[in-house]
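Structure record follows, encoded as structure tokens.
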Amino acid sequence: MSFLLSLALITLAFSFSVFGQEMMHTAKATDEDMSAAIPAEGVLKRGAPIGTAKLVSLEKILSEPAAFAGKTVLIEGVVVRSCKMEGCWAELAPGKDGKSVRVKMKDHSFFIPLQSAGAFARAEGVITVKTLTKEHVEHMIKDDGAKFEHRNADGTVDEIAFEATGIELKKVK
């Protein structure tokens, strides 16, 4: 009897875990999230407050992505492109031109304004290096206007990404 009870509790716990994970990815940006203005003075903060992670230059991350994979760091750069549907991702580059890192908002739980391109950003989170499926790449290009420097022969993309736990945006003067 105790075995069956234990099995039932484990199954129930797993079900809640899966349900919770699905709920995390169903957050939707509000009109206020998408249309917020980045203030002329000060910063617009989204997600968790920026903590004490070490600042690492985007140039260093882009040149040695494997050295930073899985590590929590602070990055800074210019938003060169962002999601036009909800504000759930942005591409940060060291300057207005050049190679960028895709920044996704952790667990799709916070969003940046749709008109964030051109803003200066500071973000804290984790670097990842992964391969995006052909379907995901096509979705990002079609729906969000994403651009990829190099696509593999099978349509996949090897991507250096950043999962932000918090981000701060500031107007560039």
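Excluded from the calculations below are hydrogen atoms, water molecules and symmetry mates; all remaining heavy atoms, backbone and side chain alike, are included.
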Mark yes or no for whether [X], through its side chain, and [Y], through its backbone, hold a donor-acceptor pair below 3.5 Å.
{"X": "Glu91", "Y": "Arg81", "result": "no"}
{"X": "Ser116", "Y": "Ile112", "result": "no"}
{"X": "Glu124", "Y": "Ala53", "result": "yes"}

Asp154, CG: over 12 other non-hydrogen atoms inside 6.0 angstrom
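Buried by this count: over 12 neighbours within 6.0 Å.
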
As an exercise, state the distance from [atom1] of [X] to [atom2] of [Y], rounded to the nearest 0.5 Å.
{"X": "Lys28", "Y": "His108", "atom1": "NZ", "atom2": "NE2", "answer": "6.5 Å"}
{"X": "Lys106", "Y": "Cys88", "atom1": "NZ", "atom2": "SG", "answer": "15.0 Å"}
{"X": "Ile167", "Y": "Leu44", "atom1": "CD1", "atom2": "CG", "answer": "9.0 Å"}
{"X": "Thr133", "Y": "Glu135", "atom1": "OG1", "atom2": "CD", "answer": "5.0 Å"}
{"X": "Ser57", "Y": "Glu76", "atom1": "OG", "atom2": "CD", "answer": "10.0 Å"}
{"X": "Leu58", "Y": "Ser100", "atom1": "CG", "atom2": "OG", "answer": "9.0 Å"}

Glu163/Lys104 salt bridge by N-O under 4.0 Å criterion:
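Glu163 and Lys104: not salt-bridged.
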
Reference residue Phe162; test side-chain contact (heavy atoms from CB on, under 4.5 Å); the match among Val101, Leu92, Ile61
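Only one option passes, and that is Val101.
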
Heavy-atom distance under 4.5 Å between the side chains of [X] and [Y], does that happen here?
{"X": "Ile160", "Y": "Arg102", "result": "no"}
{"X": "Arg122", "Y": "Ile50", "result": "yes"}
{"X": "Phe148", "Y": "Ile141", "result": "yes"}

What heavy-atom pair brings [X] and [Y] nearest, and what distance separates the two atoms?
{"X": "Asp33", "Y": "Arg46", "result": "O-NH1, 3.6 Å"}
{"X": "Lys171", "Y": "Pro39", "result": "CG-O, 3.6 Å"}
{"X": "Lys130", "Y": "Ala161", "result": "CE-CB, 4.3 Å"}
{"X": "Leu114", "Y": "Glu86", "result": "CD2-C, 3.5 Å"}
{"X": "Ile38", "Y": "Pro113", "result": "CG1-CG, 4.5 Å"}
{"X": "Pro94", "Y": "Glu59", "result": "CB-OE2, 3.3 Å"}

Side-chain heavy atoms nearer than 4.5 Å, only ILVMFWY residues, links allowed to pass through others: does that put [X] and [Y] together?
{"X": "Met140", "Y": "Val157", "value": "yes"}
{"X": "Leu169", "Y": "Phe111", "value": "no"}
{"X": "Phe120", "Y": "Val80", "value": "no"}
{"X": "Leu132", "Y": "Val129", "value": "no"}
{"X": "Val103", "Y": "Ile127", "value": "yes"}

Taking atom types as modelled, find out whether Thr156 and Asn152 have a side-chain donor-acceptor pair closer than 3.5 angstrom.
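A donor-acceptor contact under 3.5 Å links the two side chains.
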
Applying side chain to side chain contact (heavy atoms under 4.5 Å, CB included) to Val137 and Arg151, what does each step give before you reach the verdict?
CA-CA 9 Å; Val137 169; Arg151 287 179 77 173; 3.6 Å; yes

